[in-house]
Number of protein chains: 2
Amino acid sequence: MGIKERKELEKQEMRTLILDTAMKLFLEKGFENITLRHIAEKIEYSPATIYLYFKDKDEIIYTLHREGFEKLYGWQQKILTIKDPLKRLHKHAEMYVSFALENPEYYDLMFIERAPFKKIKEMKCKDGMNWEIGMRSYDLLRKNIEDCKKAGVFQNTNIDVAAFSLWSFVHGIVSLIIRERCSMFPEEQRHDLVKCALDFMQENILLTGLKKRS
Amino acid sequence: MGIKERKELEKQEMRTLILDTAMKLFLEKGFENITLRHIAEKIEYSPATIYLYFKDKDEIIYTLHREGFEKLYGWQQKILTIKDPLKRLHKHAEMYVSFALENPEYYDLMFIERAPFKKIKEMKCKDGMNWEIGMRSYDLLRKNIEDCKKAGVFQNTNIDVAAFSLWSFVHGIVSLIIRERCSMFPEEQRHDLVKCALDFMQENILLTGLKKRS
DNA sequence: TTATTTAGTGAACGTTGTTTAGTAATTATT
DNA sequence: AATAATTACTAAACAACGTTCACTAAATAA
């Protein structure tokens with residue numbers, strides 16, 4: 001009885017078709033252009049059809065949100081090869097920023113936009129394991145900081161406090177840029193500014209910790 | 001001919017009635033509840049009437065956005081009395097964070113939400129002086145850092161880099177909280193976490209600068 | 001008293017997301 | 001092979017949104 005399986009496969013194909021189209025519209029024309037009617041038009045089905053594959057619009061957005069975390073986790077693998085924990089942590093921050101600035105729509109969905117959160121709250125009630133994907137990334141940061149502590153930096157600092165602080169710093173940088181709050185800095189200097197800000201962190205936090213150690 | 005003036009006054013009163021109602025709905029039920037129809041219902045006028053006092057919905061949102069900056073600027077006056085530039089800078093950060101967390105809807109409108117920006121771009125074309133209100137707050141930060149430099153801290157750091165870095169840090173903290181990305185930290189510990197993060201900055205950046213000086 | 005300007009509205013338009021009743025086509029059963 | 005059951009899909013409608021416009025009633029000017 002291979003029919004059930006074929007049907008299941010077709011259902012899955014339709015789901016990814018919808019998701020890919022949604023993401024394409026999202027990347028092309030921004031968040032407000034993910035409308036069910038636009039998606040339906042692009043895939044040449046009626047709007048109602050989408051409801052056979054997703055419960056509602058929020059479920060589509062939530063799924064894209066998850067995809068973003070998968071993608072970020074992929075990027076983060078790059079830094080694992082670095083041996084020196086301090087260098088790794090600095091590279092970690094750099095990687096985070098470049099992920100955000102090269103995939104601003106994904107980043108927005110993952111860390112700024114309110115929309116996916118109705119769904120997340122629903123999910124967390126019946127399935128606590130669903131936030132796990134986002135958690136993996138946080139755990140990686142936490143582990144990196146732990147390694148730095150072992151190497152003598154941040155010795156008087158709680159790991160979560162350090163993690164939250166560093167995360168806040170990089171998130172602040174990219175979200176001010178993505179949400180266009182940096183008009184006082186000329187556009188063409190912005191890339192340098194980000195680089196300088198990361199160096200500022202490197203010098204004042206990471207290297208300071210190093211000096212304290214020696 | 002006092003009629004013209006009375007009419008002008010009544011027009012102004014209606015505008016503030018609309019704005020106050022919009023803000024009330026906003027505070028009560030979140031951003032998505034600022035709908036012209038809700039506002040109209042609350043003030044017991046027809047939706048069309050609002051268009052006699054505001055060009056469109058964006059103009060209402062933009063005006064609330066400006067009000068937010070006025071309010072922030074008011075809060076910022078509190079720190080001007082502090083003589084020691086380092087203490088003042090630390091207090092500045094503390095004030096910024098508590099403004100944001102005590103007025104999350106205003107903060108969201110001012111530094112996170114995309115909505116007000118169609119209008120801002122329009123304004124900037126014909127009237128460059130309109131971003132001035134937001135700029136005042138940034139200039140205050142810049143000036144504080146300049147004073148710190150005079151006191152010997154941040155001597156090798158560009159002022160704008162330091163300003164952007166510190167701003168990013170505090171913005172990161174509050175925007176992660178406001179947009180609910182901190183579910184890995186228990187709600188009841190969040191207040192402490194913010195305090196610790198600010199101390200983290202104080203110790204690693206400000207006090208480090210101080211040690212370099214001596 | 002009449003003419004003109006002003007304040008306000010009802011009804012409509014074109015959008016959204018979402019639901020429902022109904023129609024074809026496919027699969028299962030006899 | 002003929003019929004019953006299930007599936008895939010859609011047209012049409014709903015409520016709510018921002019916005020516009022023709023229109024009325026009131027206030028002001030002539």
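Here is the naming used below: chain letters follow the sequence lines, and residue numbers restart at 1 for every chain. All of these numbers come straight from a predicted model, not from anything done at the bench.
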(Q) Any heavy-atom pair between the side chains of B:Ser168 and A:Leu176 that's under 4.5 Å? (A)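 They are in side-chain contact.
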Q.
For residues 8-38 of chain B, which residue pairs pass the ring-ring contact (aromatic ring centres under 6.0 Å, His included) check, not counting sequence neighbours?
A.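 Of all non-adjacent pairs touching residues 8-38 of chain B, those that pass ring-ring contact (aromatic ring centres under 6.0 Å, His included) are B:Phe26-B:Phe31.
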Using a 3.5 Å cut-off and no angle test, enumerate the donor-acceptor pairs between side-chain atoms of residues 13-24 of chain B and protein atoms at least two apart in sequence or in another chain.
residue: B:Arg15; atom: NH1; partner: B:Tyr53; partner atom: O; Å: 2.8
residue: B:Thr16; atom: OG1; partner: B:Glu13; partner atom: O; Å: 2.9
residue: B:Thr21; atom: OG1; partner: B:Leu17; partner atom: O; Å: 2.6

[atom1] of [X] versus [atom2] of [N]: gap in Å, rounded?
| X | N | atom1 | atom2 | result |
| --- | --- | --- | --- | --- |
| B:Glu10 | C:dT6 | CD | P | 14 Å |
| B:Lys55 | D:dG18 | NZ | C1' | 13 Å |
| A:Leu52 | C:dT18 | CG | P | 14 Å |
| B:Ile60 | D:dG18 | CD1 | P | 9 Å |
| A:Glu44 | D:dA11 | CD | C1' | 17 Å |
| B:Asp56 | D:dT19 | CG | C1' | 9 Å |
| B:Tyr53 | C:dT9 | OH | C1' | 13 Å |
| A:Tyr45 | D:dA11 | OH | P | 13 Å |

Q. Base, sugar-phosphate alone, or nothing: which one does A:Tyr51 contact when heavy atoms must sit under 4.0 Å apart?
A.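 Base contact.
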Q: Residues of residues 13-37 of chain A with any non-hydrogen atom less than 4.0 angstrom from an atom of DNA chain C: list those, numerically ordered, please.
A: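 Heavy-atom cutoff 4.0 Å gives A:Ile34, A:Thr35, A:Leu36, A:Arg37.
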Q) Taking the inter-plane angle between the rings of A:Phe200 and B:Phe154 on a 0 to 90° scale, is it parallel (under 30°), tilted (30 to 60°) or perpendicular (over 60°)? A)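 The arrangement is tilted - the two ring planes meet at 30° to 60°.
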Q) Taking only N and O in the side chain of B:His38, is any of them less than 4.0 Å away from OP1 or OP2 of D:dC17? A)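 Affirmative; the distance criterion is met.
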Q. Is there a side-chain polar atom (N or O) of A:Ser46 under 4.0 Å from OP1 or OP2 of D:dA11?
A.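 Answer no for this pair, as no side-chain N or O of A:Ser46 is under 4.0 Å from OP1 or OP2.
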Q. Do the side-chain N and O atoms of B:Tyr62 and B:Asp56 include a donor-acceptor pair separated by under 3.5 angstrom?
A.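 No donor-acceptor contact under 3.5 Å links the two side chains.
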Q: Please report how far the helix from C:dA3-D:dT28 to C:dA25-D:dT6 bends, comparing the axis fitted to its first five pairs with the axis fitted to its last five, to the nearest 10 degrees.
A: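 Both end axes considered, the difference amounts to 30°.
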Q. Hey, is CD on B:Glu44 packed in by over 12 heavy atoms from elsewhere, all under 6.0 Å?
A.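 It does not: B:Glu44 CD has 12 such atoms or fewer within range.
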Q) Does CD in B:Glu188 sit with more than 12 non-hydrogen atoms of other residues, nucleotides or ligands closer than 6.0 Å? A)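 Yes, enclosed.
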(Q) Heavy-atom nearest nucleotide on DNA chain D for B:Ala48 versus A:Ile50: which residue maps closer to 5'? (A)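 On the 5' side of the pair lies A:Ile50.
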Taking distance alone, no hydrogens or angles, what donor-acceptor pairs closer than 3.5 Å link side-chain atoms of residues 75-82 of chain B to residues at least two apart or in another chain?
residue: B:Gln76; atom: OE1; partner: B:Ser137; partner atom: OG; Å: 3.0
residue: B:Gln77; atom: NE2; partner: B:Tyr73; partner atom: O; Å: 3.1
residue: B:Thr81; atom: OG1; partner: B:Lys78; partner atom: O; Å: 3.4

Expected list for residues 94-107 of chain B: side-chain donor-acceptor pairs under 3.5 angstrom, two or more places apart:
residue: B:Glu94; atom: OE1; partner: B:Lys91; partner atom: NZ; Å: 3.1
residue: B:Tyr96; atom: OH; partner: B:Tyr107; partner atom: OH; Å: 2.7
residue: B:Tyr96; atom: OH; partner: B:Trp167; partner atom: NE1; Å: 2.9
residue: B:Ser98; atom: OG; partner: B:Glu94; partner atom: O; Å: 3.1
residue: B:Ser98; atom: OG; partner: B:Met95; partner atom: O; Å: 3.1
residue: B:Asn103; atom: ND2; partner: B:Phe99; partner atom: O; Å: 3.0
residue: B:Tyr106; atom: OH; partner: B:Glu67; partner atom: OE1; Å: 3.2
residue: B:Tyr107; atom: OH; partner: B:His171; partner atom: ND1; Å: 2.7

